[in-house]
Engineer: 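Take a look at the following structure, please.
These numbers come from the heavy atoms of this one structure, side chains and all, not from hydrogens, waters or symmetry mates. Chain letters run A, B, ... following the sequence lines, proteins first, then strands; residues in each count from 1.
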There are 2 protein chains.
Amino acid sequence: MSLLKPRGTYHHGNLQAALIAAATQMVRANGAEHLSLRAVAAEVGVSPSAAYHYYPDKDSLISGVGQELFERLADLQEAALSQFPGKSAKAARARFRALGRAYFDWASSEANLFRLMFGGFCSIDFAEAQIKRQESRAWNLLCSCLDDLQASGDIKKTIRPYGEILSWSTVHGATALIVEGHLPAASFESVLDGLELSLGIGK
Amino acid sequence: MSLLKPRGTYHHGNLQAALIAAATQMVRANGAEHLSLRAVAAEVGVSPSAAYHYYPDKDSLISGVGQELFERLADLQEAALSQFPGKSAKAARARFRALGRAYFDWASSEANLFRLMFGGFCSIDFAEAQIKRQESRAWNLLCSCLDDLQASGDIKKTIRPYGEILSWSTVHGATALIVEGHLPAASFESVLDGLELSLGIGK
DNA sequence: CTCCAAATCTGAACGATGTGCAGATTATTC
DNA sequence: GAATAATCTGCACATCGTTCAGATTTGGAG
């Protein structure tokens, strides 16, 4: 199903999905703060009012975009984990690092989308259920990764209870600071090094 | 000098400062994404065009607000540090914790201002010099705090080189995630506990 | 003190935006 | 095939950022 409404027809056929797709591309290019509902509608070949049948306002459209992005990010993390299968301590450690790197790589290659997700553009009310679900999916991936490290005795015992919260906070913080230009991009690897060291990962 | 232009006068007398002050209050209340240049001008008692004498566009006004906020944050951190003077290891540790808490407390009590600072609203170009200066002021406070901990042998040697970058990333990440509703507020203290533990602070 | 230039502010205007509403068009159901 | 629901259009309105010509005031030079 194409994004553009077929000429001469009245019904689009797939408007909601097309709106999200077009909005996503436009946010990716120009940032969520410059998204125009009218431009999205025009891109899709539909009148501005048509969007209001699926979203009560522009913010909800944006939240809809965010909803999909959180799913995409969880997928990405899943893919990162599956790159290093196996039960060895080495593999577990590689998975941990891959998880952090995937988060950062995604954010820096799609800065505008990352901002939309974590910059307060998604009204948590609207897409709360779906977003929370995808977020806990990603959270569980991180948990299992840390569990694997724990199983191979590759993480300091006293610190283990803080593992998830510390890892996410640190990786997210470094990512956000770098994306917004407050830290140089090169420092992300240092952060990963320091995080592993401080958690006692990899000896 | 009042915010409102004295009635019957033509010149305001303190427009630039008044614009920043009014804009700050409005962002504080409604968020930077809902700031209206016209509303700011009206609040100050001036025509919308008057603002363009001091800022080439709305984004620059917002950057001007951000500029002041970074200064205010650095002041806040300075105040936090001075709450626990002394050379003892205990005092140094209290300073480290106070630094993190000040960052978080400020952010959660002024979520909209925090978002303005770190959410990509400040065009780094415009206020780059001044913002970077205040940021490095805060950075230096963190450095000296970690130096103190190092002096009292209260931080793991191998981790020390990562101290600043890890601390800022972790505290900023946890703060941002909590402010945006991705983590419960209560988890911030856990993050601080975990951070100290993982850095080897306080034994 | 006077006059001129620079600084500061106004007013009206333009195009674009988000949104509401009445009604047109198409799909669905009986 | 007719009634009902789903979808979409067209127009309107208020608001917004921004521009620009010109009004008003200030400050300094003569």
Engineer: Quick one: B/Tyr55 OH to D/dG17 C1', roughly how many Å, whole number?
Structural biologist: 17 Å
Engineer: I need the full list of salt bridge (charged side-chain N to carboxylate O under 4.0 Å, His left out) pairs touching residues 103-112 of chain A, with sequence neighbours left out, sorted by first then second residue.
Structural biologist: A/Arg28-A/Glu110
Engineer: If you only use heavy atoms from C-beta on, which nucleotide in C/dT19, D/dT9, D/dG17 is closest to the side chain of B/Lys58?
Structural biologist: D/dG17
Engineer: Provide, to the nearest angstrom, the distance between the OH atom belonging to A/Tyr52 and the P atom belonging to C/dT17.
Structural biologist: 12 Å
Engineer: Search all heavy atoms of B/Asp148 against all heavy atoms of B/Ala92 and return the closest pair with its distance.
Structural biologist: CB-CB, 4.0 Å
Engineer: Using the test side-chain contact (heavy atoms from CB on, under 4.5 Å), find all partners of A/Ala89 that sit at least two apart in sequence or belong to another chain.
Structural biologist: A/Ser152, A/Asp154
Engineer: Short of 4.0 Å, heavy atom to strand atom, which residues of residues 29-36 of chain B count as contacting DNA chain D?
Structural biologist: B/Leu35, B/Ser36
Engineer: Fit a plane to each ring of B/Phe118 and B/Trp168, take the angle between them on a 0 to 90° scale, and name the class: parallel (under 30°), tilted (30 to 60°) or perpendicular (over 60°).
Structural biologist: perpendicular
Engineer: Where do N or O atoms of nucleotides 11-13 of chain D meet protein N or O atoms at under 3.5 Å, pair by pair?
Structural biologist:
none

Engineer: Identify, with sequence neighbours excluded, every residue that meets salt bridge (charged side-chain N to carboxylate O under 4.0 Å, His left out) alongside A/Glu33.
Structural biologist: none
Engineer: Which whole-number value in Å describes the distance from B/Leu37 CG to C/dA16 P?
Structural biologist: 19 Å
Engineer: Tell me: CD of A/Gln16 to C1' of D/dA6, nearest whole Å?
Structural biologist: 14 Å
Engineer: Is any side-chain nitrogen or oxygen of A/His53 closer than 4.0 Å to OP1 or OP2 of D/dT7?
Structural biologist: yes
Engineer: Whole angstroms only, please: what is the CG-P distance between A/Asp59 and C/dT17?
Structural biologist: 16 Å
Engineer: Considering residues at least two apart in sequence or located in another chain, which fulfil the side-chain hydrogen bond (donor to acceptor under 3.5 Å, both in side chains) criterion with A/Asp147?
Structural biologist: A/Arg160
Engineer: Answer yes if the side chains of A/Asn112 and A/Arg115 hold a donor-acceptor pair under 3.5 Å, and no otherwise.
Structural biologist: yes
Engineer: Check the distance between D/dT7's P and A/Asn14's CG and give it to me in whole angstrom.
Structural biologist: 12 Å
Engineer: Flag the pair A/Glu189 and A/Arg101 as a salt bridge only when some basic side-chain nitrogen lies within less than 4.0 angstrom of an acidic carboxylate oxygen.
Structural biologist: yes
Engineer: A/Tyr54 side chain: which of D/dT7, D/dT18, C/dT8 is closest?
Structural biologist: D/dT7
Engineer: Heavy atoms only: give me the nearest B/Ala111-B/Val179 pair and the separation to one decimal.
Structural biologist: CB-CG1, 3.9 Å
